[in-house]
*Asks:* 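Mind looking over this structure? Questions follow.
Basis for what follows: all heavy atoms, side chains included, without hydrogens, waters or symmetry-related copies. Throughout, residue positions are numbered sequentially from 1 according to the sequence presented.
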Amino acid sequence: WASLGGNVGKLIGRLLAGVGVMVMAWGLPLAGAAAQAPGDWTTYLDNGTRTGYNSAETVITPATAPNLTQLWADTAGGAISAEPVEADGVVYYGSWDGYEHAVSAATGTQLWQSPYLGQLIDTACDPSTLGVVSTATVGTITVNGTVTQAVFVGGGNSNLYALNASTGAVIWNTPLGVATQRDRVLWSSPLLYNGSLYEGV
């Protein structure tokens, strides 16, 4: 990423355009995506087709958009480049210090910070450290017979994680690359579709 002079937007575009590997984590006890509530935005660009459009949204319109004001702000220990996602009144986002965060959508109060999900550090690059750059996806899985809401996210150590959406605890993780290799960064947002989870590397 040094060759891009720190321009993260161009970097993300080039990386996504040049995705060379698509990994499907099959055999996992995944439930299908639940019906989306009007305020939910549970994955990158809102849905599996990545349209960026929530047809259930009726509060924000061209007439009401000029009246939007900032309600709260949250900070992390590193840069934030992942798109925040929201489910059931909770906002989830990753930061470059290697953590996924959950905050109340109503108040901005931090509900949890995940265990450390790793960082890629290379002093020859600018910036020299990347953490959680993947946009999370919220869905459900069955854990020991119990349907559990989970946050699926790519860690800075090239592992794909399922975190408990209520606590941030790691449910499982799957290595998809070697954390010390710069071409194994999990920039992509996991896609939950028909009981399988897909992640670009």
Side-chain angles (χ1 to χ4, degrees), residues 8 12 30-31 33-48 50 52-61 64-119 127 129-144 146-157 159-173 186-192 197 199:
V8 175
I12 292 171
L30 300 175
Q36 185 174 0
D40 286 355
W41 189 276
T42 59
T43 190
Y44 178 70
L45 291 178
D46 181 53
N47 53 55
R50 309 305 198 207
Y53 176 67
N54 181 353
S55 61
E57 175 59 58
T58 58
V59 175
I60 301 174
T61 67
T64 63
N67 301 322
L68 294 174
T69 59
Q70 180 176 314
L71 183 61
W72 51 262
D74 191 41
T75 58
I80 300 167
S81 62
E83 176 186 316
V85 296
E86 191 271 344
D88 298 326
V90 179
V91 175
Y92 304 93
Y93 71 90
S95 56
W96 286 21
D97 57 350
Y99 296 94
E100 183 74 13
H101 305 268
V103 299
S104 165
T107 65
T109 302
Q110 183 134 181
L111 303 174
W112 53 256
Q113 175 178 286
S114 72
Y116 181 63
L117 304 182
Q119 291 175 298
T129 304
L130 292 176
V132 178
V133 294
S134 170
T135 295
T137 292
V138 182
T140 56
I141 58 176
T142 302
V143 180
N144 298 323
T146 302
V147 175
T148 304
Q149 189 170 43
V151 178
F152 305 104
V153 66
N157 57 6
N159 286 356
L160 181 62
Y161 287 89
L163 306 174
N164 184 299
S166 298
T167 67
V170 175
I171 299 170
W172 54 254
N173 73 89
L186 303 185
W187 292 95
S188 299
S189 175
L191 173 65
L192 179 60
L197 195 63
E199 170 71 5

*Asks:* Donor-acceptor check, side chain of Asp97 to backbone of Gly77, threshold 3.5 angstrom: yes or no?
*Replies:*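 Here the side-chain-to-backbone pair exists.
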
*Asks:* Roughly how far, to the nearest 0.5 Å, is the CD atom of Gln119 from the CG atom of Leu130?
*Replies:*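 Going from CG on Leu130 over to CD on Gln119, the span is 8.5 Å.
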
*Asks:* Nearest 0.5 angstrom please: Tyr161 OH to Leu117 CG, how far?
*Replies:*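 Tyr161 OH to Leu117 CG: 5.0 Å, rounded to 0.5 Å.
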
*Asks:* Output yes when a side-chain donor or acceptor of Thr137 lies under 3.5 Å from a complementary backbone atom of Phe152, and no otherwise.
*Replies:*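 Looks like no, no N/O pair under 3.5 Å.
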
*Asks:* Could you tell me the separation between the CD atom of Glu86 and the CG atom of Asp40, rounded to the nearest 0.5 Å?
*Replies:*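 Glu86 atom CD to Asp40 atom CG measures 5.0 Å (nearest 0.5 Å).
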
*Asks:* Assess, by modelled atom type and distance only, whether the side chains of His101 and Ser114 contain a donor and an acceptor separated by less than 3.5 Å.
*Replies:*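 Per modelled atom types, His101 and Ser114 side chains form no pair under 3.5 Å.
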
*Asks:* Roughly how far apart are Thr43 OG1 and Tyr92 OH, rounded to 0.5 Å?
*Replies:*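 Answer for the OG1-OH pair, Thr43 versus Tyr92, is 13.5 Å.
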
*Asks:* Say whether, by atom type as modelled, one donor and one acceptor occur between the side chain of Trp187 and the main chain of Gly154 under 3.5 angstrom.
*Replies:*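 No, Trp187 side chain to Gly154 backbone: no donor-acceptor pair under 3.5 Å.
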
*Asks:* Could you verify whether a donor N or O on one side chain and an acceptor N or O on the other, from Asp74 and Tyr93, lie under 3.5 Å apart?
*Replies:*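 Yes, a side-chain donor-acceptor pair sits under 3.5 Å.
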
*Asks:* Who passes side-chain contact (heavy atoms from CB on, under 4.5 Å) against Glu83, sequence neighbours left out?
*Replies:*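 With sequence neighbours excluded, Glu83 shows a side-chain contact (heavy atoms from CB on, under 4.5 Å) to Trp41, Tyr44, Leu45, Thr135, given in chain and number order.
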
*Asks:* Answer with yes or no whether the side chains of Asp88 and Gln149 bring together a donor and an acceptor at under 3.5 Å.
*Replies:*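 Checked: Gln149/Asp88 side chains pair up, N/O donor to acceptor below 3.5 Å.
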
*Asks:* Is there a donor in the side chain of Thr146 and an acceptor in the side chain of Asn144, or the other way round, less than 3.5 Å apart?
*Replies:*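 No - no donor-acceptor pair under 3.5 Å links their side chains.
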
